[in-house]
Amino acid sequence: MSARSNVPIEGSFQLIGGKFDKAGEASTSLKKKLTEMGLNVEIVRRASIATFEAEINVIIYAAAGWLRYYITDDTLRIVIEDMGPGIENIELAMQEGYSTAPEWARAMGWGAGMGLPNMKKNSDKFKIDSVVGEGTTVEMIINL
Ligand SMILES: Nc1ncnc2c1ncn2[C@@H]1O[C@H](COP(=O)(O)OP(=O)(O)O)[C@@H](O)[C@H]1O
Ligand SMILES: [Mg+2]
């Protein structure tokens with residue numbers, strides 16, 4: 001049992017598609033929060049990578065979305081839900097190096113096609129659901 005309270009801690013950030021000047025704000029705020037809570041640096045590092053990649057994807061591909069987090073004594077659960085085009089072929093999208101990032105995103109240094117693989121790699125449980133024409137939801141759990 002950790003020194004944290006038994007009361008789950010949760011919060012959310014709104015994400016706006018195309019707002020690349022705000023890119024990284026949500027994941028940076030969450031990183032700060034986790035660090036302040038005294039979570040292990042390795043946990044914070046994995047959570048930061050995973051949430052940053054998910055946040056950037058919403059900004060590049062979707063119209064808008066939410067990043068929500070839930071922290072209990074045992075787990076950090078992060079859900080990123082967007083209203084966007086959805087993903088037609090999830091298996092393909094999950095492949096390292098696959099990217100449909102537009103030119104403006106590539107100019108920002110994004111579009112290496114490593115976002116989804118890195119989200120999976122840095123979480124203990126990873127789930128992606130997508131409906132074409134509606135949006136995408138990524139759920140990641142990191143064991144604390
Ligand atoms: N939230 C999303 N909505 C729609 N398409 C997405 C979303 N996230 C990822 N994709 C699709 O999956 C591909 C791979 O994503 P990712 O691994 O993050 O690489 P990258 O963003 O560098 O292209 C993207 O190029 C895009 O086609
Ligand atoms: Mg990406």
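In listed order, ligands and their atoms are each counted from 1. The model shown is predicted, which means the values in this text are computed figures rather than measured ones. For reference, positions follow the sequence shown, starting with 1.
- The pair Lys121-Glu96 counts as a salt bridge, with a side-chain nitrogen and a carboxylate oxygen less than 4.0 angstrom apart.
- Rounded to the nearest 0.5 Å, atoms CD (Glu25) and CD1 (Ile16) are 11.0 Å apart.
- Heavy atoms of Gly86 come nearer than 4.0 angstrom to ligand 1 in at least one pair.
- When only interatomic distances are considered, the shortest N/O to N/O separation between Gly115 and ligand 1 falls below 3.5 Å.
- With a 4.0 Å heavy-atom cut-off, ligand 1 is reached by the side chain of Thr136 but not by its N, CA, C or O.
- For atom 5 (N) of ligand 1, the closest heavy atom belonging to the protein is Ile87 CG1, 3.4 Å.
- Aromatic pair Trp110/Phe20: ring centres not closer than 6.0 Å.
- Contact annotation: Asn57 places an N, O or S atom under 2.8 Å from the Mg ion (ligand 2).
- Of all protein heavy atoms, the one closest to atom 23 (O) of ligand 1 is Ser99 OG, 2.5 Å.
- When only non-hydrogen protein atoms are considered, atom 12 (O) of ligand 1 lies nearest to Ala93 CB, 3.4 Å.
- A heavy-atom separation below 4.0 Å is not found between Ala105 and ligand 1.
- When each of Thr137, Asn89, Ile87, Val138 is paired with Ser130, the side-chain contact (heavy atoms from CB on, under 4.5 Å) condition holds for Ile87 and for no other.
- Of the protein's non-hydrogen atoms, Asn57 ND2, 3.2 Å is the one closest to atom 8 (N) of ligand 1.
- Both the backbone and the side chain of Leu116 come within 4.0 Å of ligand 1, counting heavy atoms alone.
- The protein non-hydrogen atom at the shortest distance from atom 25 (O) of ligand 1 is Thr100 N, 2.7 Å.
- Under 4.0 Å is where a charged nitrogen must lie from a carboxylate oxygen, and between Glu36 and Lys32 at least one such pair does.
- By the 4.0 Å heavy-atom criterion, Ala62 is excluded from the residues contacting ligand 1.
- A heavy-atom separation below 4.0 Å is found between Gly113 and ligand 1.
- Geometrically, ligand 1 and Met119 share no nitrogen or oxygen pair separated by less than 3.5 Å.
- The atoms of ligand 1 that sit less than 4.0 Å from any heavy atom of Ala112 are 22 (O).
- Shortest contact from atom 14 (C) of ligand 1 to any protein heavy atom: Tyr98 O, 3.4 Å.
- Here the closest heavy-atom approach between residue Ile60 and residue Pro102 is recorded as CG2-CD, 3.6 Å.
- For Thr51 and Ser27, the side-chain atoms include no donor-acceptor pair closer than 3.5 Å.
- Summary of contacts: the protein heavy atom closest to atom 21 (O) of ligand 1 is Tyr61 OH, 2.8 Å.
- Taking a cutoff of 4.0 Å between a charged side-chain nitrogen and a carboxylate oxygen, Arg77 and Glu139 qualify as a salt bridge.
- At the top of the distance list for atom 1 (N) of ligand 1, counting protein heavy atoms only, stands Asp82 OD2, 2.8 Å.
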